[in-house]
Amino acid sequence: MNQMEGTRGRAPVETAKKLPFFAPDLFETDRETLVELVRQTGLVPDQRFILGEQTARFEALLRDSLGAADVVACGSGTSALTLILRAMGIGAGDEVVVPAFGCAPLAAAPANLGAIPVFADIDPSTLVVDPAAVAAAITPRTRAIMPAHMFSVMADMPRLREIATSHSLRLIEDSAVAQGAVLNGRPAGVWGDAGVFSFVQVKSFGGPGEGGVVVTGDAALGAEARLLRNHGQDGVHRFVHHRIGYNSRFDEVLAAFQIHRYGSFAARLQRRAAIARYYTTRFHPLADRGILAPPEGRNGRCYYVYSLLLPRREELRQHLAERGIGAHAYYPLPLPCQPAFARFATPGHRWPSAERASARSLAIPIYPNLTDGDVERIADAVCEFADR
Ligand SMILES: Cc1ncc(COP(=O)(O)O)c(C=O)c1O
């Protein structure tokens, strides 16, 4: 990126190459390893393809690196949220305060357990849930607060912890998109009573398939999630079901591949951060033309997504598409305005910042294997749009 910083305008412009929003070649450098791990897994003598030795090693790697009491690998980030809610005993009629702007599992996970997602508006600049709105949404039926880190900004976990503690509520940290971020020296994932990561392809530590983990400092909660992920079995007595659980197990090939990729994870995060820094330098002057880059702050960020806020979102998307650059609008509707969740929306209540973010946010490519030339081309295209 140094090279990019020093050579703006002089680097060759790669006009012909398509730059899709989702990288088609995320695992290219590890392709051979992936094939070899499939082969090795196919040959292991005990023929365990799920929840075997590799999964245990992967769980231990994450647990030790985070300093958590337990890490429980499971089927997806969504499933990890479900396991946590179930392990906390949250169910019918309980309220869980979630952000009004975010991905569907935030509302679907409580709703699928018969609980009620209660939507709190977001901060208009950081796009993470506004702690004041969370506090205002608490009722005698509230059992948990479930903030999510958004795009590249961690939620205000210190403040949310205070609110949870002062109301005797559980704090669930949806860090599906923020693995690798650090706030005040403490990693994403360990701020709540439990947190989650997702390994779906596009995430910061995505892999070639579905997967997630529960991260917790509460060993009893971890043990409960462990039971629930495999139909209530304890891993010792087969076909003895202590709980009505789920099939949310973890794949051995993915575990082995993630262990392999862990060594290069920090470098990929750094590359994302360098791209983000460059974008922000280029886009900072566009603020007076209504195009806002993500705000600074909340220290060690994980640039999962780099999202701009602007009034002419569709025009920018079209402008980029004409130049072969993909862009993505996360999320075109606030959660309470989604047909699936509208019944949980308090009648007459509005979420103005979530509505504004849904109408204005546009994410541009930020995956680590973009070249400096790619990144310059994307930034040039955005700046050219702003100058029109
Ligand atoms: C904030 C957030 N929470 C939860 C999830 C669910 O993760 P998964 O897709 O692994 O189920 C996602 C991503 O999809 C997410 O972005």
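Both counts, for ligands and for their atoms, begin at 1 and track the order of listing.
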Assess whether a salt bridge exists between [X] and [Y], defined as any Lys/Arg side-chain N lying under 4.0 Å from an Asp/Glu carboxylate O.
X: Arg282; Y: Glu376; answer: no
X: Arg226; Y: Asp234; answer: no
X: Lys17; Y: Asp374; answer: yes
X: Arg161; Y: Asp156; answer: no

Per-atom contacts, ligand 1 versus [X] - under 4.0 Å to a heavy atom:
X: Ser76; result: 10 (O), 11 (O)
X: Cys103; result: 1 (C), 2 (C), 3 (N), 4 (C), 5 (C), 12 (C), 15 (C), 16 (O)
X: Ala176; result: 2 (C), 3 (N), 4 (C), 5 (C), 12 (C), 15 (C)

Taking [atom] as the reference point, the nearest protein heavy atom with its distance:
atom: atom 16 (O) of ligand 1; value: Val177 CG1, 3.2 Å
atom: atom 11 (O) of ligand 1; value: Thr78 OG1, 2.5 Å
atom: atom 3 (N) of ligand 1; value: Asp174 OD2, 2.6 Å

Ligand 1 and [X], any nitrogen or oxygen pair closer than 3.5 angstrom?
X: Lys203; result: yes
X: Ser198; result: yes
X: Ala148; result: no

Distance (rounded to the nearest 0.5 Å) between Arg356 CZ and Ile122 CD1: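 Arg356 CZ to Ile122 CD1: 10.5 Å, rounded to 0.5 Å.
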Does a donor on one side chain and an acceptor on the other come within less than 3.5 Å for Thr281 and Arg277?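 No donor-acceptor contact under 3.5 Å links the two side chains.
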With distance as the sole criterion, is a donor-acceptor pair present between the side chains of Thr280 and Tyr306 under 3.5 Å?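 Indeed, the side chains of Thr280 and Tyr306 share at least one donor-acceptor pair under 3.5 Å.
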Take every heavy atom of Pro105, measure it against each atom of ligand 1, and state whether any distance is under 4.0 Å.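 Pro105 counts as a contact of ligand 1 under the 4.0 Å cut-off.
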Between Phe58 and Phe250, is the gap from one ring center to the other below 6.0 Å?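 Centroid separation for Phe58 and Phe250: below 6.0 Å.
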Counting only heavy atoms closer than 4.0 Å, does ligand 1 sit against the backbone of Met150, its side chain, both, or neither?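 None of Met150 does.
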Kindly identify the option in Val200, Leu81, Val305 whose heavy atom sits closest to atom 9 (O) of ligand 1.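 Nearest option to atom 9 (O) of ligand 1, by heavy atoms: Val200.
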